[in-house]
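Data first, discussion second: the structure below is written as structure tokens.
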Amino acid sequence: MKNTALHPNDGKLALAHIAVGYIALFLGAIAGLLQAFVRSGTLELPAGIGYYQLLTAHGVLLALVFTTFFIIGFLYASMSRTTGDLTPFAKKSAWIGFWLMTIGTAITTVMILLNKATVLYTFYAPLKASPWFYIGLTLVVVGSWVSGAGMFSQYAVWKKKNEGKPSPLLSFMAVATMILWIIATLGVAVTVLFQFIPWSFGLVDKINVLLSRTLFWYFGHPLVYFWLLPAYMCWYVIIPKIIGGKIFSDSLARLAFVLFVLFSIPVGFHHQILESGITPFWKFLQIVLTFMVIVPSLMTAFALFATFEISGREKGASGLFGWVKKLPWTDVRFFAPFMGMLVFIPGGAGGIINASNQMNQVVHNTLWVTGHFHLTVATTVALTFFGISYWLVPHLTGRTLTPRLNKLGIIQTVFWCIGMFLMSGAMHTVGLFGAPRRTAYTTYGDHPQALEWMSYQTIMAVGGAILFVAILMILYIVINLAVAAPKGTEEFPVGEVHEDAEKTPLLLENWKIWIGLSVVLIVIAYTVPVIDIIENAPSSPGFKFW
Ligand code: HAS
Ligand code: HEM
Ligand code: CU
């Protein structure tokens, strides 16, 4: 394993991805701030900007663009760090992928800004956007596939040179994440290419709404694990090194990733529990599988506690919780991802509530759900990505994380947590009182219940404002780390496996078996209901409500 800095070209590649990601974060956060103020009744949008236009920009730029670009940059940096300089093929694929994704993002964003695609990030039919919105999204997906091909070839070349050895853990995880992504995006590619594009060009009049939503959620759920797995890469492999400990178990980490490849896809119906036209049996089956996909997260929680405790005890901690004191609380590279882990405890618990049939009737389409994913993706994942940026950006630019920037990072993390506690806490609570998500300011004719929601929506705005300050802080830090911090070297931390851990069975690297099993589960969970939907679900013409 090489410990030096990345090859300069590989560094540029990762940096380009991260830069686009942060630009999207900035633009998306402006929309978020405005939304929070509109919903509290303190702001009316100027210049004919619509609330849903803003919400579409927010969802697309943050959930789709910020995440995907940051992730691909990070995965390439991880591959290069653990398997050596990228091969010419991998490098070329990565750059072609980058440009396809960037052009696609630009087209999609322009369409949203022109108010020709106010369909939200889930682009549910029968809302109908300009065909260019869907074409832009297609370019993003195709670009990510080209990038994926580069990663797979890099991995295959390493495997060939090192026959019989398990691949470096970080590159195994990068490949697993990309396999998950490719299987998942097939669903969205099918609906966009065969349903949305012909329909939005007017080649066909009607669209099978339920089929398009089902294909969307076939993709939309694994999408959330595509966000989560890179955060898990940091937790399993990078955090142990930062805290001066060891990885608890290489096999357990790999097994968790394999379980995500198996169980994260055939579960999309848990977003459609209240959708008519799907037989309860198939919803039930997919919800059982949803509970299976909770297992690898519980395994992860276990492994992290074990890593923290073992490393603390090796440093002399005693008592039940003495190890907590041995953690490096003042190192933002640890502190930011750690706060992400902590937030994932209520975030994940909320997910389990969502997935429970009866409780889903209460929370579906309320602000509770919005609260859930601002904890999971917008805090657990986002704070971990910030935590990665503190060392990855200076590592790539040949600079250092100074004590001042480290301290600012700690303050940034605290601001994020306070802002999110207020915003997401208010969302969860008012959601239980029935306040709907995806709704601009309204008092429903001064209905007493709607008036009760208002004070919570004001708390959401206060939280949103604090979050926006935190956004400005992270941008200041990242830009500093990219262009202004003192020259030097910053380590790309990669943990070693604890000597007491079991040897890794090679079976875990047998992708044929895992991809095969994943396909079997998908076929079982989706074939019958999809045939039923194709045969029986009605089609609809398009609508433009904005
Ligand atoms: Fe979710 C809706 C169910 C996880 C994101 N989810 C959403 C949407 C998004 C989203 C974006 O079943 C909305 C989509 C839309 O626009 O409509 N979700 C789940 C379940 C999980 C889950 C069962 N979601 C996530 C993650 C996301 C995410 C992760 C993004 C990254 N979700 C749902 C359902 C809906 C839904 C329904 C539909 C709702 C509806 O009706 O519309 C599980 O994967 C969660 C498992 C996680 C855990 C937590 C493990 C804890 C760990 C931390 C350990 C901490 C340590 C530190 C070690 C069980 C690993 C502690 C140290 C100390 C010292 C204390
Ligand atoms: C929705 C605020 C950061 C992802 C919303 C809504 C508000 C909001 C008020 C919902 C409104 C509604 O349903 O009417 C903010 C603020 C942020 C922030 C103030 C920080 C400055 C993030 C981040 C992510 C994110 C970092 C993801 C990485 C989403 C998504 C939606 C959403 C996916 C749902 C869009 C939809 O329903 O179509 N946000 N947010 N947000 N936010 Fe955020
Ligand atoms: Cu889901």
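Numbering of residues begins at 1 and proceeds along the displayed sequence. Remember, it's 1-based here, ligands and their atoms both numbered in the order they're listed.
Two rings, from Trp329 and Phe334, have their centers less than 6.0 Å apart. When ring centroids are compared, Tyr456 and Phe433 come within the 6.0 Å threshold. The ring of Phe66 has its center no closer than 6.0 angstrom to the ring center of Phe69. Centroid-to-centroid, the aromatic rings of Phe123 and Phe216 come within less than 6.0 Å.
Closest non-hydrogen pair, Pro222 versus Ser264, comes out as CD-O, 3.5 Å. The shortest heavy-atom contact between Ser144 and Met178 is O-CE, 3.4 Å.
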Next item on the list: Applying side chain to side chain donor-acceptor pair (under 3.5 Å), run through Thr300 and Tyr236 and close with a yes or a no.
Entry: CA-CA 8 Å; Thr300 305; Tyr236 273 113; 2.8 Å; yes
Note to self: Please evaluate residues Met233 and Phe257 with respect to the criterion side chain to side chain contact (heavy atoms under 4.5 Å, CB included), reporting the C-alpha separation (whole Å), side-chain torsions for both, the decisive distance (0.1 Å), and the verdict.
What the structure shows: CA-CA 9 Å; Met233 287 167 68; Phe257 274 63; 4.0 Å; yes
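Of the protein's heavy atoms, Val224 O, 3.5 Å lies nearest to atom 31 (C) of ligand 1. In terms of protein heavy-atom proximity, atom 21 (C) of ligand 2 is closest to Leu467 CB, 3.8 Å. Residue, atom and distance of the protein heavy atom nearest to atom 28 (C) of ligand 1 are Thr376 OG1, 3.4 Å. Closest to atom 35 (C) of ligand 2, if we only count protein heavy atoms, is Leu55 CD1, 3.8 Å. For atom 41 (O) of ligand 1, the closest non-hydrogen atom of the protein is His364 ND1, 2.6 Å. Closest to atom 34 (C) of ligand 1 among all protein heavy atoms lies Asn354 CB, 3.3 Å. Among protein heavy atoms, atom 13 (C) of ligand 1 sits closest to Phe373 CD2, 3.3 Å. With respect to atom 31 (C) of ligand 2, the closest heavy atom belonging to the protein is Phe373 CE1, 3.2 Å. The single protein non-hydrogen atom nearest to atom 61 (C) of ligand 1 is Phe305 CZ, 3.5 Å, given as residue, atom name and distance. Atom 48 (C) of ligand 1 has Gly348 CA, 3.7 Å as its closest protein atom, hydrogens excluded (heavy atom only). Looking only at heavy atoms of the protein, atom 22 (C) of ligand 2 is closest to Leu62 CD1, 3.4 Å. With respect to atom 51 (C) of ligand 1, the closest heavy atom belonging to the protein is Phe344 CD2, 3.7 Å.
With a 4.0 Å cut-off on non-hydrogen atoms, Thr439 touches ligand 2 through its backbone and not its side chain. Proximity of His374 to ligand 1, defined as any heavy-atom pair under 4.0 Å, is not found for any part of the residue.
Residues Trp235 and Thr384 bring a donor and an acceptor atom of their side chains to less than 3.5 Å of each other. Under 3.5 Å, the side chains of Thr191 and Tyr218 contain no donor-acceptor pair of N or O atoms. A side-chain donor-acceptor contact under 3.5 Å links His221 and His270. For the 3.5 Å distance criterion, the side chains of Thr177 and Tyr232 fail to qualify, holding no donor opposite an acceptor.
His58 places a side-chain N or O within 3.5 Å of a backbone atom of Gly28 that can act as its donor or acceptor partner. Distance alone, capped at 3.5 Å, places no donor-acceptor pair between the Gln195 side chain and the Val190 backbone.
Residue Thr300 has no N or O atom closer than 3.5 Å to an N or O atom of ligand 1. Among the atoms of Trp217, none of the N or O lies under 3.5 angstrom from an N or O of ligand 1. At least one N/O-N/O distance between Ala355 and ligand 1 falls below 3.5 Å. Below 3.5 Å of separation, one finds no N or O of Trp323 facing any N or O of ligand 1. Of the N or O atoms in Arg438, one or more lie within a sub-3.5 Å distance of an N or O in ligand 2.
Leu298 is not listed as a side-chain neighbour of Phe302, based on a closest heavy-atom distance of 4.5 Å or more.
When His271, Gln286, Arg438 are checked for heavy-atom proximity to atom 35 (C) of ligand 1, His271 turns out nearest. Evaluated by nearest non-hydrogen atom to atom 16 (C) of ligand 2, the leading choice among Arg437, Gln35, Met420, Met423 is Met423. The heavy atom nearest to atom 62 (C) of ligand 1, considering only Phe338, Phe308, Tyr124, Phe226, is found in Phe338.
The angle His271:NE2 - the Cu ion (ligand 3) - His221:ND1 amounts to 130°, with values rounded to 10 degrees. Expressed to the nearest 10°, the angle at atom 43 (Fe) of ligand 2 joining NE2 in His58 with NE2 in His374 is 170°.
Residue Lys315 places its NZ atom among more than 12 non-hydrogen atoms of other residues, nucleotides or ligands, all under 6.0 Å distant. Residue Phe468 places its CZ atom among more than 12 non-hydrogen atoms of other residues, nucleotides or ligands, all under 6.0 Å distant. Counted within 6.0 Å of CZ on Phe308, heavy atoms from surrounding residues, nucleotides or ligands total more than 12; the atom is thus considered enclosed.
Between the Cu ion (ligand 3) and the N, O or S atoms of His270, the shortest distance is to NE2.
The ligand atoms of ligand 2 that sit less than 4.0 angstrom from a heavy atom of Arg39 are 12 (C), 13 (O), 14 (O). Below 4.0 Å from some heavy atom of Arg437 lie the following atoms of ligand 1, by number and element: 15 (C), 16 (O), 17 (O). Atoms of ligand 2 found under 4.0 Å from any heavy atom of Leu120 (numbered from 1 in listed order, with element): 38 (O). For ligand 2, the atoms closer than 4.0 angstrom to any heavy atom of Ala378 are 22 (C), 23 (C), 24 (C), 26 (C). Of all atoms in ligand 2, listed by their number and element, those nearer than 4.0 Å to a heavy atom of Tyr51 are 11 (C), 12 (C), 14 (O). Contact atoms of ligand 1 toward Tyr121: 11 (C), 14 (C), 15 (C), 16 (O) (distance under 4.0 Å to a heavy atom of the residue). Against a heavy-atom cut-off of under 4.0 Å, Ala63 is close to the following atoms of ligand 2: 33 (C).
Rounded to the nearest 0.5 angstrom, Arg437 CZ and Met427 CE are separated by 10.0 Å. Once rounded to the nearest 0.5 Å, the distance linking SG of Cys234 with CE of Met173 reads 10.5 Å.
Put simply, no part of Val324 is less than 4.0 Å from ligand 1, judged by heavy atoms. Contact analysis leaves Phe291 out of contact with ligand 1, as no non-hydrogen atom separation drops below 4.0 angstrom. No heavy atom of Phe321 sits closer than 4.0 Å to any atom of ligand 1. The closest approach between any non-hydrogen atom of Asn360 and ligand 1 is below 4.0 Å.
In this structure, Arg438 fails the cation-pi test against Tyr52, since its NZ or CZ atom is not both closer than 6.0 Å to the six-membered ring centre and inside 45 degrees of the ring normal.
Under 2.8 Å from atom 1 (Fe) of ligand 1 lies no N/O/S atom of His221, from backbone or side chain alike.
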